[in-house]
Amino acid sequence: MSARVMTVAQDGTGDYRTVQEAVDAVPLSNTCRTVIRLSPGVYKQPVYVPKTKNFITLAGLSPEDTVLTWSNTASKIDHHQGSGQAVAIRVTADRCAFYNCRFLGWQDTLYLHYGKQYLKDCYIEGSVDFIFGNSTALMEHCHIHCKSAGFITAQSRKSSQETTGYVFLRCVITGNGGTSYTYLGRPWGPFGRVVYAYTWMDACIKHVGWHNWDKPENERSACFYEYRCFGPGSCPSKRATWARELVDEEAEQFLKHSFIDPDFQRPWLSQRMALKIPYSA
C-alpha cells in the first residue's frame, strides 16, 4: 500500500493550516503510512499525536526552517522570558525515531518517557535534566549542548530488572565557553542507566562527571558508564568512583542498534518509520 501524503501550510496552500488539524485527520488505529509534510514556518501550537494513530511521519525541509513551538512551562510563564522548566516534547510511545531534529529548551527539554526511541543527527540543548525519563533510547551522532549549569540526563530506571536506559553513541557535547559547570547525569530513579560511548566532551563537563542526586544510596544502584570517550571533559581518572569505564566485552551490548530493539533489522528503523519533528520548546 502506498503512503498517504498530507501537506500543512499556514498560508492555506496545503491540505491543512495547522499540524494538529492534519494529525486529527488521520484515522484511529491507522494502518497506512501517513506522511505529513510541513511547509517552512514557525508553527506556534501544541501538537498531540494519540497513541492509536500509528505510522505517522512528520517531515520538514530543515529543523531551522520548520519549527514547532509553544510557550507553556511548569509555572505557566513564557519560557522565552527565562530559563524555566518546559518540556519541548514528551514521547510516550514505542518505536519512535527522530532524524535531523532540534529540541530546544532549558530544564526538562526532551522527555523520553516510555518505549523505545532512536535519535540520529539531532541537536538537543538545555540546562537541567534536559534529557530525562524511563525509555530505552539510542542517540547516535547527536549534538548535545549545555547552556548553563545543570545535568544532561535524568534517567529514571526503577529496578535492575528493567532494560531501559540511554546510550549516547558517537555524539558531541558542547558548552557555552565556561569550564566544569555541568554533569553527565544524575539518577531520577535509583537504577538510572546511561552510557556515553565514543563521545567527545567539552570542558563544560565536571571532572567528577556524575551526581547522586544527594542520595548516597543511589551510588550502589545507578549504572553510569563511559567507553572510549575523549575531549577536555573526558577525565576517567577523576570520575566519581561509583561510575565506571566499561571494558570491551561490557560495552558491546550498548554499541549496536539491537540495544533498543533486538529485531532492529526487520521492522522500523531500517525503513525510516520515523516521527521526524524539528521541534522547539
Side-chain angles (χ1 to χ4, degrees), residues 8 10 18-20 23 36 38-49 57-93 96-113 117-133 135 137-155 166 168 171-178 181-185 199-202 204-205 274-281:
V8 177
Q10 296 179 96
T18 72
V19 181
Q20 191 63 59
V23 171
I36 300 175
L38 310 183
S39 297
V42 177
Y43 296 84
K44 192 169 184 179
Q45 57 196 237
V47 177
Y48 172 65
V49 181
T57 297
L58 299 182
L61 291 178
S62 75
E64 293 79 17
D65 296 329
T66 309
V67 178
L68 305 185
T69 186
W70 190 234
S71 299
N72 225 359
T73 71
S75 59
K76 302 297 183 182
I77 298 174
D78 187 325
H79 82 281
H80 295 292
Q81 299 174 3
S83 54
Q85 184 177 1
V87 173
I89 184 169
R90 169 175 165 166
V91 188
T92 306
C96 288
F98 303 86
Y99 299 90
N100 192 30
C101 298
R102 294 195 309 165
F103 303 93
L104 311 181
W106 286 87
Q107 181 174 350
D108 297 352
T109 304
L110 178 58
Y111 192 1
L112 300 177
H113 176 238
Q117 291 95 42
Y118 178 63
L119 296 90
K120 186 175 183 182
D121 300 321
C122 291
Y123 174 88
I124 309 161
E125 71 174 28
S127 57
V128 178
D129 304 334
F130 62 96
I131 303 173
F132 71 110
S135 71
L138 173 61
M139 284 152 270
E140 187 173 13
H141 295 293
C142 290
H143 180 176
I144 313 300
H145 184 65
C146 307
K147 299 169 72 170
S148 62
F151 313 84
I152 295 175
T153 63
Q155 211 280 335
Y166 299 157
F168 296 83
C171 293
V172 171
I173 299 173
T174 60
N176 61 16
Y181 63 82
T182 198
Y183 293 88
L184 294 170
T199 290
W200 187 88
M201 300 180 179
D202 185 81
C204 66
I205 301 300
L275 280 174
K276 189 174 181 180
I277 308 179
Y279 207 106
S280 166

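- If you take OG on S148 and OH on Y181, they are separated by 7.5 Å, rounding to the nearest 0.5 Å.
- From W200, atom CH2 reaches atom CD1 of I173 across 9.0 Å, with rounding to the nearest 0.5 Å.
- Between Q155 and S135, the closest heavy-atom pair is NE2-O, 3.5 Å.
- Inter-residue side-chain proximity for F103 and I131 is flagged as unmet; no heavy-atom pair is nearer than 4.5 Å.
- Here the straight-line distance linking atom NZ of K147 with atom CH2 of W106 works out to 4.5 Å at 0.5 Å rounding.
- Summarising the geometry of V87 relative to F132, their closest heavy-atom pair is CG2-CZ, 4.0 Å, with the distance given to 0.1 Å.
- When all heavy atoms of D202 and G178 are compared, the closest pair comes out as OD2-O, 4.3 Å.
- Between F151 and Y183, the ring planes lie parallel to each other; the angle is under 30°, not in the 30° to 60° tilted range.
- Side chain of T199 to backbone of V172: no donor-acceptor contact under 3.5 angstrom is found.
- No donor-acceptor pair closer than 3.5 Å links the side chain of D121 to the backbone N or O of Y99.
- Taking CD1 of I152 as the reference point, atom CG of L110 lies at 12.5 Å (rounded to 0.5 Å).
- Taking CD1 from I205 and OG1 from T174, the interatomic distance works out to 9.5 Å, rounded to the nearest 0.5 Å.
- Of the possible donor and acceptor atoms, one in the side chain of Q45 sits under 3.5 Å from a partner among the backbone N and O of V19.
- Minimum interatomic distance between H145 and G175 (heavy atoms only, all atoms of both residues): CE1-O, 3.0 Å.
- Taking 4.5 Å as the limit, every side-chain heavy atom of Y166 sits out of range of all side-chain heavy atoms of L119.
- Put simply, the side chain of V67 does not reach to within 4.5 Å of the side chain of L104, judged on heavy atoms.
- In this structure, T182 contributes its side chain and G150 its backbone to a donor-acceptor pair below 3.5 Å.
- With a 4.5 Å cut-off on side-chain heavy atoms, Y43 and T66 count as touching.
- With sequence neighbours excluded, the residues forming a side chain to side chain contact (heavy atoms under 4.5 Å, CB included) with H113 are R90, T92, Y111, listed by chain and number.
- Residues A93 and Q117 share a closest heavy-atom pair of O-NE2, 3.1 Å.
- Here CE of M201 is found 4.5 Å from CG of L184. Values are rounded to the nearest 0.5 Å.
- Y48 contributes no side-chain N or O that, together with a main-chain N or O of Q20, makes up a donor-acceptor pair within less than 3.5 Å.
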